[in-house]
Amino acid sequence: MYEETKQAILESSPQSSVYVGCDSIRYKKKDQWYAKYSTVVIVHMDSKKGCRLFHESVDMPDYGNLKQRLLTEVQLAVAAASEILEVLGERHMEIHLDINPSPNHKSNVAVKEAIGWVRGSFGFDPMIKPASFAATHAADHAVRKLH
């Protein structure tokens with residue numbers, strides 16, 4: 001996925017934006033739980049036209065720890081962003097996380113660690129719900145369609 005993504009970024013204008021996100025779905029197979037993680041990179045042409053979407057999915061054993069699964073999503077999004085950083089140039093980049101800041105939602109369990117991870121890695125805050133469309137819509141669609 002990354003070579004094609006890098007090429008698309010290099011071919012895009014400096015006014016383009018790049019959005020990175022990851023989402024997961026938990027499933028059971030032969031009495032064992034797994035999580036499928038889909039990571040997406042969206043290249044938004046000129047930050048106002050169409051986009052190109054790239055994705056990659058991976059399956060891993062899942063042991064029922066929601067916080068660990070959410071932090072694995074963060075890890076994969078950070079890794080994807082790190083892979084494309086060298087070709088980003090002056091283009092705007094955002095990392096989108098499928099985490100809710102409200103304590104009324106289960107995904108709140110990892111919000112502080114997730115924000116700190118992205119801030120420590122790149123020096124900016126990630127987008128979280130409801131503004132995290134790359135994770136909550138694009139990656140969600142990819143993980144559900146592929147599963």
Q. Any chance the side chains of Ser17 and Arg91 put a donor and an acceptor closer than 3.5 Å?
A. no
Q: Give, for atom CZ of Phe54 and atom CE of Met1, the distance between the pair rounded to the nearest 0.5 Å.
A: 9.0 Å
(Q) When you compare the side chains of Ser107 and Asn100, does any donor N or O come within less than 3.5 Å of an acceptor on the partner? (A) no
Q: Scan side-chain atoms only and decide if Ser16 and Ser47 contain a donor-acceptor pair under the 3.5 Å cut-off.
A: no
**Q.** Pairwise side-chain contact, Thr136 with Leu97, heavy-atom cut-off 4.5 Å (strictly under)
**A.** no
(Q) Quick check for you: to the nearest 0.5 Å, what is the distance between Met93 atom CE and Ile84 atom CD1? (A) 6.0 Å
Q) Taking atom types as modelled, is there a side-chain donor on Tyr37 or Asp23 under 3.5 Å from an acceptor on the other? A) no
**Q.** Which atom of Ser38 lies closest to which atom of Ala139, heavy atoms considered
**A.** O-CB, 3.6 Å
(Q) Between His92 and Gln15, is there a side-chain heavy-atom distance shorter than 4.5 Å? (A) no
In residues 73-82, what donor-acceptor pairs under 3.5 Å come from side-chain atoms, sequence neighbours left out?
{"residue": "Glu73", "atom": "OE2", "partner": "Ser24", "partner atom": "N", "Å": "3.2"}
{"residue": "Glu73", "atom": "OE2", "partner": "Ser24", "partner atom": "OG", "Å": "2.5"}
{"residue": "Ser82", "atom": "OG", "partner": "Val78", "partner atom": "O", "Å": "2.9"}

Q: Kindly write out the residues that satisfy salt bridge (charged side-chain N to carboxylate O under 4.0 Å, His left out) with Glu11, not counting sequence neighbours, or none if the list is empty.
A: none
Q) Any side-chain heavy atom of Arg26 within less than 4.5 Å of one from Trp33? A) yes
Q | Contact check, side chains of Ser13 and Asp46, non-hydrogen atoms, under 4.5 Å | A | yes
Q.
Contact between His96 and Phe133 at the side-chain level, heavy atoms closer than 4.5 Å - yes or no?
A. yes
Q.
Test side chain to side chain contact (heavy atoms under 4.5 Å, CB included) on Asp140 and Asp98; report intermediate values, then the result.
A. CA-CA 9 Å; Asp140 178 74; Asp98 189 26; 5.7 Å; no
Q | Common cluster, Val58/Leu70, ILVMFWY with side-chain heavy-atom separation under 4.5 Å | A | no
